[in-house]
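Quick caveat: nothing in here was measured; it's all calculated off a predicted structure.
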Amino acid sequence: MEKTESEADPEQVNLVLKSEKKVKFDDILVDLGDFGKYQKKAYFLLFLPTIFSAMQKQSWVFLGAKAPHRCRLPEDFPNSTYDNPDLNLTSMIPWNKLDESLSSCSMFDDEGESVPCSDGWIFDKSTFGSSAVMDWELVCEKKEMRATAQAVFMAGVLVGSYFFGWLSDKLGRKVSFFISVVVQAVFGILSGLVPGYWAFIILRCIVGATTSGVFLVAYVLAMEMVGPKYRVIAGTLCQYYYTFGYIVMAGVAYFLNDNWQLLQIALTLPCVLFLSYWWIVPESVRWQISEGKYEDAKKQIYKVAVENGVELDKEKVDLMINTTVKEKEKELTAEKASVFDLFRHRRICFRTLNLCFLWMVNSGTYYGLALSASNLGGNPYYNYLISAAVEIPAYAFNLLVLNHPRVGRRLALAGCMLFAGLVLAITIFIDKSQTTLLVTLSMLGKLAITSSYGTVYIFSAELYPTVVRNVGMGASSMSARIGGIVCPYINMLSDIWTPLPLIIYGALAFTGGILSLFLPETLGKRLPETIQDGENFGLQEDSVEDVSKSEVPT
């Protein structure tokens, strides 16, 4: 009897079950074509929504833009401007010698004493026509609320990375992806409509959670069908979607300068288009296999084969399913790894703490530099545009050096962090009037930290032993989110001294660069699988094997 795709031949199944030959899913991908027509189309479509998630992550640069401000005086009219040529402002407001400008938070009373602003503020709208900071007066004694808004958003990113990871395991990648897109569209639009600060940041927190869901699921769905040969390249190139999002956002923000709420809605509306993905995006093959939906998985694999114009060995596909079943049975009987396993063994504990620090510094510095671009002086739109554009050579640099035998992961990471630390620390010697030099050094630091942030992900995934890789990457990711939560408060220190946040980021990056040199190189090495392998990793040179086309473990 001839076997159909939906009904397996019992005799054939028995032969397959008896077979001891192991076929991995990556073996099937090689037969399908590592990066064929289907994979290219899926890759392009799945990462499109991440463009708008990227905009949401850094939109506070413009939504919460900070502008020069002064106390509203009793003599001011409702429509008075910041400079108000009808008043002698220097006789009514103290002069800030440090900034060589009017005091932002005080004025003179009738007796000539300096007192806090009592009737609100007037903002300089020559650069930013509108922002949440202006509408809600998040300045002076309320300036911490500006930093809190972005910190709460990043807290949402942290929660979302775990929630949508759990949801995608329970309900499938497709359902999780669709839910994150719908929630992002709805709550993103609502956050542009609500009139109050607290309602806004709660809605933005939820939007932050969805940015994790969109990227996480898009990454898994797109990358799982990319063969080993192209996985590192594809994993790096997808970052350009984020970069493109940042660049486009600068232009949109410039044209919607006069209405920050309209800007928030405009950055969100395109998400509605991705609701059509329910009929376009397929379910994850790996998830279908892990859930025992073998026939659905095989149908999807054969569909890819047809689109790529290749003919698959159906027996080999059955062998892959059989291998997966056996591995699943072993996993059920094996002892589950926990986060505590990362700290029970000396070398793995040291490396875990080291990697968590590196993730925190890379994330905090990366987002800190991006969010502070408008604080450096000069045109904030140009500053942010340059800040986004420097990511293009940063990722290109990674493609060139990460698999180079003379560089590898460790030296690339250490070199970039040390360079970032040096150029940012130099700002301590730069006068704040040297705006161009300050911006240049900040952008060089952003370029280097972008490269190191991309490297630390690959490096970490290869350093953690297989049995604790998921929990290790989870701990590292959580550390990164902590860096993102803290950086808005570090940026507040620019009110005291403009280069101060850059100096702090530089010191942290330089420290991270030195610490990364204590980690073993992974390029060309057999990756650790057990805890004992992890303890011995880097001590035995005889564990080298030819993996010149190394890949990020999945």
Side-chain angles (χ1 to χ4, degrees), residues 339 341-369 394 397-398 401-402 404 406-428 444-465 468-469 471-487 490 501-525 527-528 531 533-541 552-553:
V339 69
D341 291 316
L342 297 172
F343 303 101
R344 287 186 179 132
H345 308 273
R346 187 170 63 88
R347 287 194 182 90
I348 292 178
C349 176
F350 168 76
R351 289 171 187 168
T352 298
L353 294 174
N354 196 342
L355 288 170
C356 286
F357 178 77
L358 294 175
W359 276 70
M360 182 179 68
V361 170
N362 274 278
S363 176
T365 304
Y366 173 82
Y367 285 108
L369 292 177
F397 175 80
N398 281 1
V401 305
L402 288 186
H404 195 287
R406 292 187 178 180
V407 184
R409 281 73 152 123
R410 184 175 69 119
L411 290 181
L413 177 63
C416 286
M417 294 194 76
L418 289 171
F419 179 79
L422 285 172
V423 297
L424 293 174
I426 288 173
T427 57
I428 195 172
L444 287 173
K446 173 75 184 312
L447 188 155
I449 211 69
T450 298
S451 181
S452 68
Y453 199 7
T455 302
V456 75
Y457 175 83
I458 297 173
F459 197 25
S460 302
E462 294 174 339
L463 277 172
Y464 286 119
V468 291
R469 184 166 293 135
V471 292
M473 292 299 286
S476 299
S477 178
M478 184 176 70
S479 301
R481 301 290 80 80
I482 292 172
I485 291 169
V486 172
C487 71
I490 295 177
L502 303 183
I503 295 166
I504 293 172
Y505 293 135
L508 290 170
F510 193 84
T511 303
I514 293 174
L515 288 175
S516 64
L517 292 171
F518 290 93
L519 297 169
E521 179 56 69
T522 59
L523 180 64
K525 303 291 180 68
L527 301 185
I531 293 293
D533 289 342
E535 281 289 284
N536 295 333
F537 190 72
L539 302 179
Q540 301 174 356
E541 293 299 323
V552 182

Check whether any side-chain N or O of [X] sits under 3.5 Å from a backbone N or O of [Y] as a donor-acceptor pair, and report yes or no.
X      : Y      : answer
Arg469 : Ala461 : yes
Ser451 : Leu447 : no
Ser363 : Trp359 : no
Arg351 : Gly534 : yes
Asn362 : Tyr453 : yes
His345 : Arg347 : no
Ser477 : Met473 : no
Arg410 : Pro520 : no
Arg409 : Leu402 : yes
Tyr505 : Cys487 : yes

Distance (rounded to the nearest 0.5 Å) between [X] [atom1] and [Y] [atom2]:
X      : Y      : atom1 : atom2 : value
Ser452 : Tyr366 : OG    : OH    : 11.0 Å
Glu462 : Leu523 : CD    : CG    : 7.5 Å
Ile504 : Ile490 : CD1   : CD1   : 5.5 Å
Phe397 : Thr455 : CZ    : OG1   : 7.5 Å
Leu422 : Leu444 : CG    : CG    : 11.5 Å
Thr511 : Leu358 : OG1   : CG    : 10.5 Å

Where [X] and [Y] come nearest, the two heavy atoms and their spacing:
X      : Y      : result
Val407 : Val401 : CB-O, 3.7 Å
Gly513 : Ser516 : O-OG, 2.7 Å
Leu355 : Ser460 : CD2-OG, 3.4 Å

| request: Check step by step if side-chain contact (heavy atoms from CB on, under 4.5 Å) holds for Ile531 and Arg344. | output: CA-CA 10 Å; Ile531 293 293; Arg344 287 186 179 132; over 6 Å; no
| request: Could you tell me whether Phe343 atom CZ has more than 12 heavy atoms of other residues or ligands within 6.0 Å of it? | output: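 Buried by this count: over 12 neighbours within 6.0 Å.
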| message | Pair Leu502, Leu369 - check side-chain contact (heavy atoms from CB on, under 4.5 Å), show working. | response | CA-CA 8 Å; Leu502 303 183; Leu369 292 177; 3.5 Å; yes
| query | When Phe537 is tested against each of Leu519, Thr522, Ile348 for side-chain contact (heavy atoms from CB on, under 4.5 Å), which residue passes? | reply |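 Only match with Phe537 under side-chain contact (heavy atoms from CB on, under 4.5 Å): Thr522.
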| task | Decide yes or no for Ile458 and Asn398: does some side-chain heavy atom of the first lie under 4.5 Å from some side-chain heavy atom of the second? | result |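 In short, these two side chains do not touch, never coming nearer than 4.5 Å.
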| Checking side-chain contact (heavy atoms from CB on, under 4.5 Å) for the pair Val471/Tyr464: CA distance, chi angles, key distance, verdict? | CA-CA 9 Å; Val471 292; Tyr464 286 119; over 6 Å; no
